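The structure appears below as structure tokens.
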Amino acid sequence: MLKKVLLGLLVILILIQLIPANLPEVSDTNPDDILLNNEVPEEIATILKTSCYDCHSNETVYPWYSYVVPVSFLVSRDTEVGRKHINFSEWQSMSKADKAEALDESAEEVDEGNMPMPIYPLTHPNARLSANKRKAFVAWAEEFAEALYE
């Protein structure tokens, strides 16, 4: 009986792989990107690239497991939601108020340890932010938000 159940589960797991992942599109050409249009300190640019861009830009790098169902559904959802909150690839097309709000929200989420999402550094160790990197990011985001209105 156990063999039949395990075989049935294996068949289901194989069959659901036929469901397309529907991962959000990736683009290497992003003329409105924050890093192309602003003087972002190198340390902050590195944080953005390693800890934020997979979910908050059009330059997502999908690892192999992003194509395996059901993980692909989670990656797709997280990327879509992340891009809705802030998409650094579309920075220049955002209003000043939206930029300031996004920076304030980003600073708060990073400061509270909610970003990057706790599960993300488990598979992306370079995305882990030390206390000093968190402080640096928060300070930059707050200063940048204020500078928008100068």
Side-chain angles (χ1 to χ4, degrees), residues 9 12-150:
L9 289 174
I12 290 170
L13 184 64
I14 291 170
L15 287 176
I16 65 173
Q17 298 310 309
L18 299 174
I19 301 171
N22 291 327
L23 296 168
E25 285 189 42
V26 174
S27 174
D28 293 333
T29 306
N30 298 294
D32 287 342
D33 193 90
I34 190 171
L35 299 178
L36 292 177
N37 296 285
N38 298 274
E39 292 184 26
V40 177
E42 187 175 333
E43 177 186 20
I44 302 305
T46 299
I47 290 170
L48 288 170
K49 285 286 193 179
T50 60
S51 301
C52 308
Y53 264 45
D54 274 348
C55 293
H56 297 285
S57 82
N58 296 336
E59 298 178 26
T60 306
V61 176
Y62 293 116
W64 66 269
Y65 56 80
S66 298
Y67 300 95
V68 178
V69 174
V71 176
S72 61
F73 300 142
L74 299 172
V75 171
S76 179
R77 185 204 62 205
D78 288 348
T79 304
E80 286 177 12
V81 169
R83 288 180 183 180
K84 284 180 186 173
H85 280 284
I86 183 171
N87 187 334
F88 292 111
S89 295
E90 297 174 2
W91 185 257
Q92 291 305 110
S93 64
M94 295 169 61
S95 72
K96 192 182 296 187
D98 287 343
K99 289 177 185 178
E101 183 180 339
L103 287 165
D104 288 342
E105 186 178 318
S106 296
E108 184 178 323
E109 293 293 322
V110 168
D111 190 41
E112 293 175 358
N114 298 327
M115 285 288 140
M117 290 173 55
I119 196 169
Y120 187 75
L122 294 175
T123 54
H124 301 82
N126 293 338
R128 199 167 281 120
L129 296 178
S130 66
N132 287 339
K133 285 184 178 180
R134 285 186 187 284
K135 286 179 187 175
F137 180 88
V138 169
W140 167 79
E142 290 173 348
E143 289 172 19
F144 193 17
E146 288 176 25
L148 291 171
Y149 291 100
E150 292 178 352

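From a predicted model like this one, the values you see are computed outputs, not experimental measurements.
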Locate the shortest heavy-atom distance separating Val75 from Ser66; write the atom from each residue and the value. CG1-OG, 3.7 Å
Distance check, rounded to the nearest 0.5 Å: Met117 atom CE versus Leu122 atom CG? 10.5 Å
I want to check something: taking the side chain as every heavy atom from C-beta on, are Val40 and Trp140 in contact at a cut-off of under 4.5 Å? yes
So how far is it from Ile119 CD1 to Asp78 CG, rounded to the nearest 0.5 Å? 8.0 Å
For residues Gln92 and Pro31, determine if any side-chain heavy atom of one lies less than 4.5 Å from a side-chain heavy atom of the other. no
Rounded to the nearest 0.5 Å, how far does CD of Glu43 lie from CG of Leu48? 10.5 Å
Looking only at the side chains, is there a donor atom on one of Tyr120 and Asp54 sitting less than 3.5 Å from an acceptor on the other? yes
Which heavy atom of Val138 sits nearest to which heavy atom of Ala107, and what is that distance? CG2-O, 3.4 Å
If you round to the nearest 0.5 Å, how far is SG of Cys52 from CZ of Phe137? 5.0 Å
Say whether, by atom type as modelled, one donor and one acceptor occur between the side chain of Arg83 and the main chain of Cys55 under 3.5 angstrom. no
What closest approach, in Å, do Asn22 and Glu80 show between heavy atoms, and which atom pair accounts for it? O-OE2, 4.2 Å
Say you draw a straight line from CD1 of Ile47 to OG of Ser130; how long is it, rounded to the nearest 0.5 Å? 7.5 Å
State the CG-CD distance between Asn114 and Glu105, to the nearest 0.5 angstrom. 10.5 Å
Closest non-hydrogen atoms of Ser89 and Ser57, given as atom of the first, atom of the second and distance, are OG-CB, 3.3 Å
Would you say Asp111's side chain and Arg134's backbone share a donor-acceptor pair under 3.5 angstrom? no
For Asn38 and Ile34, indicate whether the former's side chain and the latter's backbone hold a donor-acceptor pair under 3.5 Å. yes
Give a yes or no on whether the backbone of Thr46 and the side-chain of Thr50 come within a donor-acceptor separation of less than 3.5 Å. yes
Side-chain donor/acceptor of His56 to backbone N/O of Ile86, under 3.5 Å: yes
Glu108 and Met115: CA distance, side-chain angles, deciding distance, side chain to side chain contact (heavy atoms under 4.5 Å, CB included) verdict: CA-CA 9 Å; Glu108 184 178 323; Met115 285 288 140; over 6 Å; no
Checking side chain to side chain contact (heavy atoms under 4.5 Å, CB included) against Asn58, which of Thr79, Asp32, Asn87 comes through? Asn87
I would like to know whether Tyr65 and Leu74 meet side chain to side chain contact (heavy atoms under 4.5 Å, CB included); could you show each step before the answer? CA-CA 11 Å; Tyr65 56 80; Leu74 299 172; over 6 Å; no
Any Leu23 side-chain heavy atom under 4.5 Å of Tyr67 side chain: yes
Take atom CD of Glu25 as the centre, draw a 6.0 Å sphere, and report whether it contains more than 12 heavy atoms from other residues, nucleotides or ligands. no
Provide the closest heavy-atom pair for Ala127 versus Pro116 in the form atom of the first, atom of the second, distance. O-CG, 3.6 Å
Where is the tightest heavy-atom contact between Lys96 and Tyr149, given as atom of each residue plus distance? CD-CE2, 3.4 Å
Test item: Tyr62 side-chain N/O and Pro24 main-chain N/O as donor-acceptor pair under 3.5 Å: yes
State whether Lys49 and Glu59 are salt-bridged, where the test is any N-O pair (Lys NZ or Arg NE/NH1/NH2 against Asp/Glu carboxylate O) under 4.0 Å. yes
